[in-house]
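Below, chains carry the letters A, B, ... as their sequence lines are ordered, and counting in each starts from 1.
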There are 2 protein chains.
Amino acid sequence: MPNARTATSTWSPQPDDDPATACPISPVVDLVFSRWTTPILWVLQAHGTQRFVELERRIGVTPKVLTQRLRQLERDGLVQRRIYAEVPPRVEYEITELGSSLHSVFAALGEWSDAHLADVEASRAAYTGPLPR
Amino acid sequence: MPNARTATSTWSPQPDDDPATACPISPVVDLVFSRWTTPILWVLQAHGTQRFVELERRIGVTPKVLTQRLRQLERDGLVQRRIYAEVPPRVEYEITELGSSLHSVFAALGEWSDAHLADVEASRAAYTGPLPR
DNA sequence: CCGAATCCCACTGGATACTG
DNA sequence: CAGTATCCAGTGGGATTCGG
């Protein structure tokens, strides 16, 4: 996905009729909030370096999917993978500096959750309209 | 999803080995960053009240999916739906106060994007490992 | 122990057409 | 205009097996 928005980015509302650039933060959202990526980054941030099986158990995800996500995160520079040529083999995953720079985003999210998640649940409980799906 | 922590966990001194609570912000992530929800909220925040077709065109999503997401957002109290009994019919969507309280989250995301998205793309370009999928 | 490879299903979401 | 209905392809992800 080419991000057409270059240097002159102001995060203020600006008329934009092109669906591709209608939501300028979409690239980051895809990057950080793809399925399982948030739990992975969170656990690595909270508990430090983890082995494969530790992540698997903590997060509750199958090895196949975990591998997919870890590769993606490694490719994007958010996670560092380290292999130790031992017997039995050992592979450790650590969050990178780039990855931990997301803490501000996660913090904002956590604060919003503390402040407003109850409102959402109240709204859900009070909602009577048609539920599609 | 189906996490089998059956309430009677009783005597398990495990700190937070429970996958369900491993990432406390997961509920909010599901809420705000489900597919299409971010573009919808962004457009409503940036351009104000919008009609159905305006959203459809600006975001580039099919009416079926748009309806699903809008209902969900309405149920969660992030979007307000207003129907005008006119001919032709008119329905307008507006972000609620609760919805716009997410601006801090979006702002944090935008700032991170400005500061670090280039690093991610550089890492992607430099990555030589195996690409699953 | 750390994955890769395969099979397979459920669900999401896209395209299209139709209604009030 | 504002959706709904239907069909369908793509994919995420679970289960299982195998290899290094």
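Residue pairs meeting the salt bridge (charged side-chain N to carboxylate O under 4.0 Å, His left out) criterion with at least one partner in residues 82-91 of chain B, sequence neighbours excluded, are B:Arg82-B:Glu94, B:Glu86-B:Arg90, B:Arg90-B:Glu92. Within the structure, side-chain hydrogen bond (donor to acceptor under 3.5 Å, both in side chains) pairs that include any residue of residues 29-38 of chain B do not occur (at least two apart or interchain). Residue pairs meeting the salt bridge (charged side-chain N to carboxylate O under 4.0 Å, His left out) criterion with at least one partner in residues 106-123 of chain A, sequence neighbours excluded, do not occur; the list is empty.
Atom CD1 of A:Ile83 and atom C1' of C:dA4 are 15 Å apart (whole Å). In this entry the distance linking CZ of A:Arg81 with C1' of C:dA4 reads 11 Å, nearest Å. Note: CD (A:Glu54) to C1' (C:dC1) measures 12 Å, nearest angstrom. If you take CD of A:Gln72 and P of C:dG3, they are 16 Å apart, rounded to a whole angstrom. Distance B:Ile40 CD1 to C:dG13 P: 11 Å, rounded to the nearest Å.
Residues forming a salt bridge (Lys or Arg N to Asp or Glu O under 4.0 Å) with B:Arg81 (at least two apart in sequence, or on another chain): none. Take B:Pro27 and apply the side-chain contact (heavy atoms from CB on, under 4.5 Å) test, not counting sequence neighbours, and it matches A:Leu117.
Using a 4.0 Å heavy-atom criterion, one finds that A:Tyr84 contacts no nucleic acid atom at all.
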Its contact letters, B for base, S for sugar-phosphate only and - for none at protein heavy atoms under 4.0 Å, make nucleotides 13-20 of chain D read BBB----B
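Under 4.0 angstrom from either OP1 or OP2 of C:dG3 there lies at least one side-chain N or O belonging to A:Tyr93. Taking only side-chain nitrogens and oxygens, B:Arg71 comes nearer than 4.0 Å to OP1 or OP2 of D:dG3.
A donor-acceptor contact shorter than 3.5 Å is absent between the side chain of A:Thr96 and the backbone of A:Gln80.
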